[in-house]
Amino acid sequence: MEMAAESNKDLTCPNCNFTVQQQVGTRRTICPKCGHFYSTEAALRPPQPRRLSREQQQLPNLKDRENLKNREDKDKSGGRLQSIANFFQNLGPNRKSKGNSPSSSSTNQGAAITEQSETSSEKTELPPINSNSSLTTGSKSPAPYQLNPGSRSVNNGDRSARHTPTNGSSRLSPNPTQNKLVYPVRTKTADQLREDVQLARSSGSWKTVHDFYSTTFDSFLEINAAFKRDPNKDYKSLDDPGVKFDFVNLVYELLPSIPQEIQKVVLKSVINSLLKDKRPHTKDDLRAYLILIQNPLFESSVTYTNSSFNRPLTTIFLIKKTVFSQIVGRLQNFIALRLFPSKPHDLPPMSKCSWWIPSATKVMALLNAANNMCNPNIVPFIEFYNESLDHLDLMAEYYTWQLPSSHDGFSFCQYPFILSISAKRSILQRDSEQQMIINARNREIPNVGMLFFNLNVRRSHLVSDSLNEIARKQKDLKKKLKVTFEGEPGLDMGGLTKEWFLLLVRQIFQPDYGMFNYDKKAGVHWFSSAPCESYQEFNLLMGLAVYNSIILDIHFPPCCYKKLLSPAVVPYNNPRAIVGVIPATVDDLKLIQPDVARGLEELLSYDGDVEDDFGLTFQISQTEFGSVKLYCEWVLNKSIYAQFQAFYHGFHSVCASNALIMLRPSEIEMLVCGNPKLDLADLKKVTTYDGYNPQDSAIKNFWDIVLSMPLNLQKRFLLFTTGSDRVPIGGIKEMQFKITRVTNVSYMF
């Protein structure tokens, strides 16, 4: 108790003489009685004689004088709630405004609040407090837009009456007791705006267009008045924000083509409207942000210097696909230009706007979450990739994410949807390489051989030799793979490794090998429930392929990659941990056994008694089940658990990394099988020639034939020339394709 007493001291408010305890070291205190914000020095000054009012002077008794003074102080302060109102009013956006300042009243989104300085003797008129203890704003005189509900008539024949600019707006009616939001009348239509722009172009007078744009974006109230379908209706459905999107699109479509002076006025109006209300409070505010974030002027880096694009990065609605995609693109452009500005001197230093990129990324996270909730997605998830981030120090981003205690700050790895698949592959490979280097230093003397995983195999005994080599050199799995075929001279510069993968995959996926079953209709392989002793060694292939950036010609259903990430990180030191189990659905079964899945769905929809009418029960050779869900669980999880467990551990023994947490199942598939999108026109762009040039008739004819092939033949052509019908995840630009002339024969490799 003595220590607590020493840590506090009594301070008396110089305004109302109310005494409070202040902790030592605190420089300023808020009086809980009158709301006065005073310093320690002011409280310690000698008290000044208190001036008595005329009513107090007429009272001869000192006690009566004090009672009257206390009542006056109570009326003045309005109690604790009014004190809080007083304090926050002084902290409001207008606390520094002067009576003659142009921003103090004309640009205020609500009614103006007059500031009272600490030395002022005038009484501040506080906003009244209603029964719900919420603050409302009153005004002695109505602002220009404080219209009565019955005064919404307008002369439609007068163009200026359709949209008249003013110097301010108000959210409230003149009567502060009503507290009802009243919108200005804005009846401009799309056709009228087109007429205004056409007339301005022909006459050279842009005043009407100028007035429309400057007023429309001057405040959130004006934005809603212009673009809300019915300003007096409260749209509560997420599916309908109540916005006239056609009108919004036209306003923005015309904006880039009008004079630069008007575009600058629009930006100025947007900034003013954002500064008036810095955070959303109502649906109308959110609706205004939705409209503002679609502004095409934000595509220019010039708009980033004034922070006008940053404040709308706080909310988003469900919107149309085209608009959704445009917003994603603008956010991507904003992040890229802030990280790698073409003109750095045009932007404020990063130290003064460090919140820009995290804010934009968090809004991207909201968009990504909304996109993931939609089936099908609004846009492909690859639209969220920001390839400019590939040029960052990705490992620094990764370590900031992995070691937050020693690397404070924001990391893009916290939001992996924004990292391209190439960036994630780079992080995965480099993290695995770091693990390999650490392990090698602890057990080997440095030499050139320690850098490679060398396999020596015979073509005639490819499977058995590969199996024995992999089992014998488990400690070398995270090294660069080099393959040598016995009896064949030459160094492996990548081609032999690709050939080894191609030959081995073809053999182990043969049906008579017994490891996988193939469904012709689904076009995928699935695990055989028959036991196999070599699953883990052979299932290292996928991990080795990913680690060595080799594309495999294999076809698993999507649920296989979900199982590989269940969990994404191998449970530490727990060999009994359950891995590779996912919720089984009929949709997953359709992609493995489509005929069986269709038959089960038909039985489920049958109105009669399946057992009596068809003599059928849910039964397979091993176990009997009572529902379709159990059958799906059997096919996808239980019947192949041992096989997939070996497959899971085989993959993770090579690719074990926390970076796998950042990957989607579809991205794992891209790492293994490459990008399914094929455009051989891009292959033509990266092709090099030896003995030919692109203008030779043979080369022109060659590309004319290849590019005219149907997609299935183009994939077979790519498979024949590269060993896979898919392109690398980084695109065809990562491929090396060369056409060489040898005497009178041309070949490609």
Side-chain angles (χ1 to χ4, degrees), residues 313 316 324-325 327-329 331-336 338-340 355-374 377-435 543 546-547 549 558 560-570 582 651-652 654-675 728-731:
L313 305 186
I316 201 68
F324 189 94
S325 182
I327 294 176
V328 171
L331 289 168
Q332 299 282 35
N333 190 45
F334 174 77
I335 293 172
R338 177 62 273 193
L339 286 174
F340 307 103
W355 61 276
W356 286 16
I357 292 175
S359 296
T361 307
K362 290 174 183 178
V363 174
M364 291 279 288
L366 295 176
L367 293 170
N368 178 66
N371 192 54
N372 291 338
M373 291 174 65
C374 297
N377 295 150
I378 304 173
V379 297
F381 68 85
I382 59 175
E383 283 199 24
F384 286 88
Y385 288 166
N386 193 320
E387 294 185 354
S388 67
L389 304 184
D390 295 357
H391 304 288
L392 293 175
D393 185 346
L394 294 173
M395 294 311 294
E397 295 287 327
Y398 180 69
Y399 293 138
T400 299
W401 173 54
Q402 287 290 290
L403 305 170
S405 58
S406 57
H407 297 78
D408 294 334
F410 168 82
S411 169
F412 283 109
C413 292
Q414 296 170 294
Y415 305 91
F417 62 85
I418 201 171
L419 295 174
S420 70
I421 186 65
S422 298
K424 294 172 184 174
R425 178 188 62 180
S426 177
I427 293 173
L428 181 64
Q429 289 177 332
R430 292 173 66 180
D431 186 44
S432 297
E433 289 171 358
Q434 290 294 326
Q435 297 177 35
V546 171
Y547 186 76
S549 301
C560 174
Y561 302 100
K562 294 180 186 177
K563 291 167 71 69
L564 276 177
L565 293 180
S566 300
V569 177
V570 180
I582 62 172
F651 177 82
H652 286 270
V654 182
C655 294
S657 171
N658 288 341
L660 288 172
I661 298 174
M662 300 189 296
L663 293 168
R664 302 169 183 257
S666 56
E667 290 175 324
I668 293 288
E669 182 178 10
M670 290 175 66
L671 288 175
V672 174
C673 304
N675 194 329
I729 58 174

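Numbers here are sequence positions counted from 1. Since we're looking at a predicted model, the values are computed, not measured.
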Validation row: [X], [Y] side chains within 4.5 angstrom (heavy atoms):
{"X": "Gln332", "Y": "Glu383", "value": "no"}
{"X": "Phe334", "Y": "Trp356", "value": "yes"}
{"X": "Leu660", "Y": "Val569", "value": "no"}
{"X": "Tyr415", "Y": "Asn368", "value": "no"}
{"X": "Asn386", "Y": "Leu331", "value": "no"}
{"X": "Arg425", "Y": "Val546", "value": "no"}
{"X": "Phe417", "Y": "Asn372", "value": "no"}
{"X": "Ile418", "Y": "Ile335", "value": "yes"}

Report the C-alpha separation of Glu667 and Ile729 in whole Å, then their side-chain angles, then the decisive distance to 0.1 Å, and conclude whether the side-chain contact (heavy atoms from CB on, under 4.5 Å) test is met.
CA-CA 9 Å; Glu667 290 175 324; Ile729 58 174; over 6 Å; no
Nearest atoms (heavy-atom pairs only) where [X] meets [Y]:
{"X": "Val654", "Y": "Gly543", "value": "CG1-O, 3.4 Å"}
{"X": "Leu671", "Y": "Leu428", "value": "CD1-CD2, 4.2 Å"}
{"X": "Phe412", "Y": "Glu397", "value": "N-OE1, 2.9 Å"}
{"X": "Tyr561", "Y": "Ile668", "value": "CD2-CG2, 3.5 Å"}

Once you round to the nearest 0.5 Å, how far does [atom1] of [X] lie from [atom2] of [Y]?
{"X": "Cys413", "Y": "Phe410", "atom1": "SG", "atom2": "CZ", "result": "9.5 Å"}
{"X": "Ile357", "Y": "Lys362", "atom1": "CD1", "atom2": "NZ", "result": "12.5 Å"}
{"X": "Leu389", "Y": "Leu339", "atom1": "CG", "atom2": "CG", "result": "6.5 Å"}
{"X": "Glu669", "Y": "Lys562", "atom1": "CD", "atom2": "NZ", "result": "11.5 Å"}
{"X": "Ser657", "Y": "Gln434", "atom1": "OG", "atom2": "CD", "result": "11.0 Å"}
{"X": "Leu663", "Y": "Leu564", "atom1": "CG", "atom2": "CG", "result": "11.0 Å"}

Tell me, with the steps shown, if Tyr385 and Leu419 meet side-chain contact (heavy atoms from CB on, under 4.5 Å).
CA-CA 5 Å; Tyr385 288 166; Leu419 295 174; over 6 Å; no
Flag, side chain of Asn377 to backbone of Asn371, donor-acceptor distance under 3.5 Å
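Yes; at least one donor-acceptor contact below 3.5 Å.
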Distance only, no hydrogens: is a donor on one side chain within 3.5 Å (strictly under) of an acceptor on the other, for Ser549 and Gln429?
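The answer is yes; a qualifying pair exists.
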Ser420 and Asp390: side-chain donor and acceptor closer than 3.5 Å?
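Yes, because at least one side-chain N or O of Ser420 sits under 3.5 Å from a partner of the opposite role on Asp390.
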Report the residue from Asp431, Asn658, Asp393 that forms a side-chain hydrogen bond (donor to acceptor under 3.5 Å, both in side chains) with Tyr398.
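The option that passes is Asp431.
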